[in-house]
Amino acid sequence: MSKLASTILDARIEPYAIVPTLIFRLQIAEGTHEQIHAIALRCRIQVEPRQRHYSSGEERQLVELFGEPARWGDTLKTLLWTHASLMVPGFQNATVIDLPITCTYDFEVVAAKYLESLEDGEVPLGFLFSGTIFTRGQLGFSVEQIPWEKEATYRLPVRLWRDLMDRYFPGSAWIRLRRESFDALYRFKGRHALPTWDDAVESLLRQSEESEGR
């Protein structure tokens with residue numbers, strides 16, 4: 001029976017990805033010195049909000065997710081961030097492999113809303129692994145399952161997350177609209193020959209302010 005231990009060594013931004021992507025450097029150690037032919041690895045990544053301190057500004061930003069801070073003893077729950085999977089090539093004793101994680105800036109996604117609310121410090125993450133181990137012995141290949149209790153933790157710098165979002169969405173934030181609202185805004189933008197969505201929103205705000213001033 002193989003004996004695996006996983007550690008997240010560090011994280012970095014993937015500079016050439018089409019979508020925002022973080023690369024976590026994952027070390028996998030095998031304690032029985034058995035030859036591993038391959039691992040079909042699955043990973044569940046969670047945010048552990050209880051594992052850090054929050055400033056007063058962050059508390060205000062997180063009210064929508066967790067309610068008032070006085071209730072956080074009950075409402076501060078683990079958040080699912082994402083799932084990932086990859087094939088780990090064969091090794092013996094230990095290997096280090098990149099685990100790519102695509103990230104969203106969609107504020108309707110709870111984990112993204114949480115990350116955007118943080119001002120500084122670190123994001124406490126939990127990595128839960130499962131999957132299939134393929135080993136090669138004298139009688140051929142054998143297959144083992146990785147139980148979900150195989151875990152690793154990592155504290156992701158908030159600055160790295162912000163640098164990633166700034167790389168893809170510099171000076172921008174994300175907002176989702178109902179289809180009817182988008183279509184109306186699109187018609188307004190075209191009718192007034194406005195070149196960008198910012199121009200359309202600013203024009204509407206300006207008209208609203210002028211109307212309120214009359």
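For the numbers below, each heavy atom of this structure counts, side chains included, while hydrogens, waters and symmetry mates do not. Heads up: numbering here begins at 1 and tracks the sequence.
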Handout entry: All ring-ring contact (aromatic ring centres under 6.0 Å, His included) counterparts of Y54, not counting sequence neighbours
Key =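 Only W72 meet the ring-ring contact (aromatic ring centres under 6.0 Å, His included) criterion with Y54.
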Handout entry: Qualifying residues under ring-ring contact (aromatic ring centres under 6.0 Å, His included), relative to Y168, sequence neighbours excluded
Key =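 Not a single residue meets the ring-ring contact (aromatic ring centres under 6.0 Å, His included) criterion with Y168.
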Handout entry: V158 and V123, any side-chain heavy atoms less than 4.5 Å apart
Key =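 Yes, side chains in contact.
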Problem - Minimum side-chain heavy-atom gap P20-M165 below 4.5 Å - result: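 Yes, close enough: below the 4.5 Å cut-off.
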Polar side-chain atom of [X] near backbone of [Y] as donor-acceptor pair, under 3.5 Å:
X	Y	value
R162	D120	no
R25	I97	no
Q92	H33	yes
T75	R71	yes
E14	Y16	yes
E144	T132	no
E48	Q51	no
E30	E34	yes
S181	R179	no
R42	H83	no

Exercise for the section: Indicate whether the side chain of E119 and that of S55 have a donor and an acceptor atom separated by less than 3.5 Å. Expected result: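 The answer is yes; a qualifying pair exists.
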Handout entry: Short side-chain donor-acceptor distance under 3.5 Å, T102 and T21
Key =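 Distance-only check fails for T21 and T102.
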Practice task
Would you please name every residue forming a side-chain hydrogen bond (donor to acceptor under 3.5 Å, both in side chains) with D98, sequence neighbours left out?
Solution key: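 With sequence neighbours excluded, D98 shows a side-chain hydrogen bond (donor to acceptor under 3.5 Å, both in side chains) to R12, given in chain and number order.
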Practice task
Please assess I36 against T95 for the test side chain to side chain contact (heavy atoms under 4.5 Å, CB included), listing each intermediate value before the final yes or no.
Solution key: CA-CA 10 Å; I36 302 296; T95 188; over 6 Å; no
Exercise for the section: Answer yes if the ring centres of W197 and F188 are under 6.0 angstrom apart, and no otherwise. Expected result: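 No, they do not, as the ring centres are separated by 6.0 Å or more.
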Exercise for the section: State plainly whether one hydrophobic cluster holds both F91 and L99, where clusters connect Ile, Leu, Val, Met, Phe, Trp and Tyr through side-chain heavy atoms under 4.5 angstrom apart. Expected result: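 Yes.
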Exercise for the section: Decide, yes or no, whether a salt bridge links E64 with K113 under the criterion of side-chain N to carboxylate O below 4.0 Å. Expected result: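 A salt bridge is present here (some side-chain N lies under 4.0 Å from a carboxylate O).
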